[in-house]
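None of the values given here were measured: they were computed from a predicted structure. In what follows, residues are counted from 1 in the order of the sequence shown.
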Amino acid sequence: MLQGAILEKGEPFYVSFRKIFRALHDFQIQYNWLVTDCVAYPQNKQVAARIYQAAHGSYNWFRGEELTELLEAEDFQWIWTVLSGFDPSIAKEDVLSESNRSYGLPQAVDYEGFWHPTLSIQHPLASVELAAFDSSGVLLISSQKKLIKKFRQTFPLSEDLAAYNAACSPDP
């Protein structure tokens, strides 16, 4: 069962994936990452080039170690993005295959599914999803209870995402 957390309070610069990954014992190294719907402003030109290297501009792919190295080079702020984590046994080609692309690439800006009490991860093969939204918050969705628990403990002003959504949804 998926669980989630939302953090939109108490951080001086909300979407610092380096801080989040460090707090969660660098769990990102265990995954390959599809980065989509990205708006970010790294100052380091090499980091910026790597973030935006995709000629098509719609996604980028990182091994967990690569993403870690990128964030160690510069802890820049992410305005909008979705980071979808995949088990390394799942090939990039499978992630981007036509059958999986029918779902579309994960979105941060226009995706309403984040705000439903029943949580879901946008890509059907992904194990974990992180989303930065409008530089004001970050979402974490995963079936790993320990990961969500650690996030909630590390960021005590974070909230359970399903409960947050249920409280914010209009009464039937």
Side-chain angles (χ1 to χ4, degrees), residues 1-44 46-48 50-51 59-90 106-109 111 113-117 119-123 125-168:
M1 181 167 118
L2 291 175
Q3 295 186 349
I6 181 171
L7 176 62
E8 58 180 356
K9 301 174 195 157
E11 294 295 313
F13 132 25
Y14 291 101
V15 187
S16 166
F17 286 126
R18 180 168 73 183
K19 181 176 182 179
I20 291 168
F21 291 153
R22 283 181 177 172
L24 300 176
H25 306 291
D26 291 317
F27 84 98
Q28 78 282 359
I29 293 171
Q30 302 168 30
Y31 296 94
N32 288 327
W33 294 91
L34 177 68
V35 179
T36 56
D37 205 11
C38 182
V39 177
Y41 298 103
Q43 300 300 305
N44 179 311
Q46 288 86 13
V47 170
R50 181 66 177 106
I51 288 291
Y59 71 86
N60 215 324
W61 183 261
F62 296 94
R63 288 184 349 276
E65 296 86 0
E66 289 177 301
L67 184 58
T68 302
E69 289 171 10
L70 186 94
L71 295 174
E72 290 300 324
E74 182 182 348
D75 187 25
F76 57 93
Q77 188 171 18
W78 301 70
I79 310 303
W80 294 99
T81 199
V82 176
L83 277 63
S84 303
F86 297 87
D87 185 279
S89 66
I90 300 172
Q107 297 180 26
V109 178
Y111 183 64
F114 291 134
W115 313 117
H116 294 287
L119 301 178
S120 63
I121 292 177
Q122 292 181 66
H123 196 288
L125 298 177
S127 300
V128 62
E129 185 169 84
L130 284 148
F133 57 96
D134 200 18
S135 190
S136 64
V138 66
L139 303 172
L140 172 62
I141 302 171
S142 175
S143 60
Q144 294 181 37
K145 292 178 184 180
K146 288 181 181 180
L147 187 64
I148 301 298
K149 182 178 179 181
K150 181 66 178 166
F151 183 90
R152 298 282 321 279
Q153 289 172 340
T154 303
F155 302 101
L157 295 179
S158 65
E159 298 177 57
D160 176 272
L161 183 57
Y164 176 92
N165 290 341
C168 293

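Using a 4.5 Å heavy-atom threshold, the side chains of Val128 and Ile141 count as separate. Counting heavy atoms from C-beta on, the side chains of Thr81 and Asp37 never come closer than 4.5 Å. Within the 4.5 Å cutoff, no side-chain heavy atoms of Ile79 are placed close to those of Val15. The side-chain heavy atoms of Val82 and Gln122, taken from C-beta on, include a pair separated by under 4.5 Å. In this structure, Arg18 and Phe76 have side chains that are not in contact, with every pair of non-hydrogen atoms separated by 4.5 Å or more. Here the side chains of Leu140 and Leu24 are in contact, with some heavy-atom distance below 4.5 Å. Within the 4.5 Å cutoff, no side-chain heavy atoms of Thr68 are placed close to those of Phe17. Considering only heavy atoms from C-beta on, Phe155 stays 4.5 Å or farther from Leu157 through its side chain.
Taking the salt bridge (Lys or Arg N to Asp or Glu O under 4.0 Å) definition, one finds that Glu65 meets it with Arg63, sequence neighbours left out. Tyr111 pairs by the ring pair (Phe, Tyr, Trp, His ring centres under 6.0 Å) definition with Phe114, not counting sequence neighbours. Contacts of Glu74 classified as salt bridge (Lys or Arg N to Asp or Glu O under 4.0 Å), with partners at least two apart in sequence or in another chain: none. For Phe86, the ring pair (Phe, Tyr, Trp, His ring centres under 6.0 Å) criterion is met by Trp61, His123, not counting sequence neighbours. Listed by chain and number, the residues in a salt bridge (Lys or Arg N to Asp or Glu O under 4.0 Å) with Arg152 amount to none (sequence neighbours excluded). Residues passing the salt bridge (Lys or Arg N to Asp or Glu O under 4.0 Å) test with Lys19, sequence neighbours excluded: Glu11.
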Steps toward side chain to side chain contact (heavy atoms under 4.5 Å, CB included) verdict (Val35, Tyr59): CA-CA 5 Å; Val35 179; Tyr59 71 86; over 6 Å; no

Check your understanding: Going through the checks in order, is the side chain to side chain contact (heavy atoms under 4.5 Å, CB included) test met by Arg50 and Asn60?
Key -> CA-CA 9 Å; Arg50 181 66 177 106; Asn60 215 324; 3.2 Å; yes

- Test Trp80 against Phe133 for ring pair (Phe, Tyr, Trp, His ring centres under 6.0 Å), laying out the working first. CA-CA 5 Å; Trp80 294 99; Phe133 57 96; 7.1 Å; no

From CA spacing to verdict: side chain to side chain contact (heavy atoms under 4.5 Å, CB included), Val39, Trp78: CA-CA 6 Å; Val39 177; Trp78 301 70; over 6 Å; no

Do Gln28 and Trp33 pass the side chain to side chain contact (heavy atoms under 4.5 Å, CB included) test, and can you show the C-alpha distance, the side-chain angles, and the key distance before you say yes or no? CA-CA 8 Å; Gln28 78 282 359; Trp33 294 91; 3.7 Å; yes

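Ion pair Arg22/Glu72 flagged as a salt bridge, since at least one NZ, NE, NH1 or NH2 atom sits closer than 4.0 Å to an Asp/Glu carboxylate oxygen.
Atom CD1 in Ile148 sits 9.0 Å away from atom OG in Ser158 (nearest 0.5 Å). Note: Thr154 OG1 to Ile20 CD1 = 10.0 Å, rounded to the nearest 0.5 Å. Here the CH2-SG distance, from Trp115 to Cys168, works out to 8.5 Å after rounding to the nearest 0.5 Å. How far OG of Ser142 is from CG of Leu147: 5.0 Å, rounded to the nearest 0.5 Å.
Side-chain atoms of Asp160 come within 3.5 Å of backbone atoms of Ala162 as a donor-acceptor pair (strictly under, hydrogens ignored). In this structure, Asn44 contributes its side chain and Val47 its backbone to a donor-acceptor pair below 3.5 Å.
Between Phe27 and Tyr31, the ring planes lie perpendicular to each other; the angle is over 60°, past the 30° to 60° tilted range.
The two residues Ser120 and Glu129 come nearest to each other via the heavy atoms O-OE1, 4.2 Å. The two atoms that bring Ile121 and Ala126 nearest to each other are CG2-CB, 3.6 Å, heavy atoms only. For Pro106 against Thr36, the heavy-atom pair with the smallest separation is O-OG1, 2.7 Å. Shown here for Ile51 and Cys38, the closest heavy-atom pair between the two residues is CG2-SG, 3.8 Å.
Using modelled atom types and a 3.5 Å distance limit, the side chains of Ser135 and Gln77 yield a donor-acceptor pair. Judged by distance alone, the side chains of Ser89 and Asp87 do bring a donor and an acceptor atom under 3.5 Å apart.
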